[in-house]
Amino acid sequence: MPDAAENPVSPEMLDRLAEAAVRVGLNLQPGQDLVLTAPVAALPLVRRVAAAAYRAGAGVVTPILADDEVTLARYRHAADDSFDRAPGWLYDGMAAAFGRNAARMAIVGDDPMLLAGEDPGKVARAGKANALAYKPALAKIAEFDINWTIAACPTPGWAARVFPNLPPDQALARLAEAIFAASRVTGDDPVADWTAHNAALKARTGWLNDRRFAALHFTGPGCDLTVGLADGHEWHGGASQAKNGVTCNPNIPTEEVFTTPHAHRVEGSVRATKPLAHQGSLIEGIEVRFESGRIVEARAERGEAVLQKLLDSDEGARRLGEVALVPHSSPIAQAGVLFLNTLFDENAACHIALGQCYSGCFVGGADLTPDQIAERGGNSSIIHVDWMIGGPGTDIDGIAADGSRVPVFRGGEWA
Ligand code: ZN
Ligand code: ZN
């Protein structure tokens with residue numbers, strides 16, 4: 001029997017996760033190339049994903065790896081103007097690959113607080129330069145040209161942040177268990193479990209799309225927020241079809257149904273219900289007030305400088321690009337773990353995202369031009385940052401075009 005202290009992450013579960021990421025997450029097609037980004041610490045999963053991809057008939061799998069120590073070396077030693085630069089050549093290459101129908105997988109597993117001790121100005125500049133350079137590649141993801149997915153690998157650096165009071169091997173084992181459970185790969189047949197989960201999410205989006213609400217009114221502790229929905233918005237959740245015809249699950253895990261708010265029709269105040277881990281910093285106690293869709297007041301108990309820099313990224317950074325509904329009974333919420341990673345934490349609570357909208361969240365969105373998306377109320381920005389506003393006390397009313405109200409959530413659950 002393997003000693004848990006020597007191998008806190010089950011190789012068998014990593015194999016299942018790799019298989020699910022390729023078959024359910026990407027639905028990789030025979031002959032399709034795969035561009036894979038990951039931290040070096042996630043190599044055990046990267047190698048298994050490559051094997052699963054080639055078993056599924058992948059053309060060429062190209063991993064692009066980042067390393068925490070290399071990232072820190074920049075902050076310690078680079079000249080000041082380094083922080084306004086980004087590897088645009090690499091992102092142009094990724095965009096070219098997506099243009100030729102390569103699939104995209106991102107494996108997350110970085111230390112979420114890696115940059116917490118660094119100069120927030122430099123972190124923001126580097127983040128902005130990176131976001132600008134990445135835009136051509138991101139556009140192909142945001143417009144859903146190709147099948148893509150994000151999955152997570154348990155890593156020691158991440159585990160130490162999530163379970164700071166446990167010895168390293170126990171922390172890693174706990175994080176691994178939580179990731180495998182949330183990613184729905186612990187059952188006998190993960191593919192069948194995902195099929196059932198996708199069907200349940202589809203029933204929710206079907207109901208919301210039939211209602212065609214003009215707005216959602218959120219109330220709860222510290223929250224009185226009316227989120228107008230974009231004209232011709234469409235709800236999505238779980239599996240979706242990319243423009244290349246492949247149905248994929250863009251996030252593993254996923255518990256949300258989401259759509260596009262109207263960039264100019266959001267009113268009221270809201271307080272974050274969970275801390276936001278953003279670019280290596282923790283922003284806690286966010287409170288904002290919206291007028292005509294724009295954040296006109298913002299503060300945070302901790303990390304306020306990072307929040308303000310984020311809001312100043314560009315004009316669209318103060319407006320919403322996503323609203324998402326997640327019941328408090330979601331397995332990730334019930335696990336009670338703050339993962340410090342959006343892929344997980346956004347699936348534990350209702351949330352909103354500042355910045356770029358998904359053009360796919362419109363009826364006929366695939367054929368809309370950027371101008372048509374803007375006319376319907378879709379926001380555009382170089383950022384897309386989700387933060388959590390829901391909890392056990394969240395009530396939501398759907399407001400129809402004639403002003404009538406329908407309960408959508410009561411006490412954090414579907415009404
Ligand atoms: Zn979301
Ligand atoms: Zn989002």
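When a ligand or atom number is given, it counts from 1 through the structure's own listing order.
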- Side chains of Asn244 and Asn101, donor plus acceptor under 3.5 Å: yes
- State whether the number of non-hydrogen atoms from other residues, nucleotides or ligands found under 6.0 Å of Arg211 atom CZ is greater than 12. yes
- Message: Nearest 0.5 Å, please: how far is CZ in Phe362 from CD1 in Ile373?
- Response: 6.0 Å
- Query: Looking at Phe180 and Pro154, what are the two nearest heavy atoms and their distance?
  - Reply: CZ-CG, 4.4 Å
- Task: With the Zn ion (ligand 1) as the reference point, give the N/O/S atom of Glu256 that is nearest.
- Result: OE1
- Polar protein atoms near the Zn ion (ligand 2) [N, O or S; cut-off under 2.8 Å]: Glu322 OE1, His384 NE2, Asp386 OD1, Asp386 OD2
- Item | Pair listing, salt bridge (Lys or Arg N to Asp or Glu O under 4.0 Å) test, anchored in residues 116-136, at least two apart | Arg76-Glu118, Asp80-Arg125, Asp84-Arg125
- Under 4.0 Å between a Lys/Arg side-chain N and an Asp/Glu carboxylate O for Glu291 and Arg289? yes
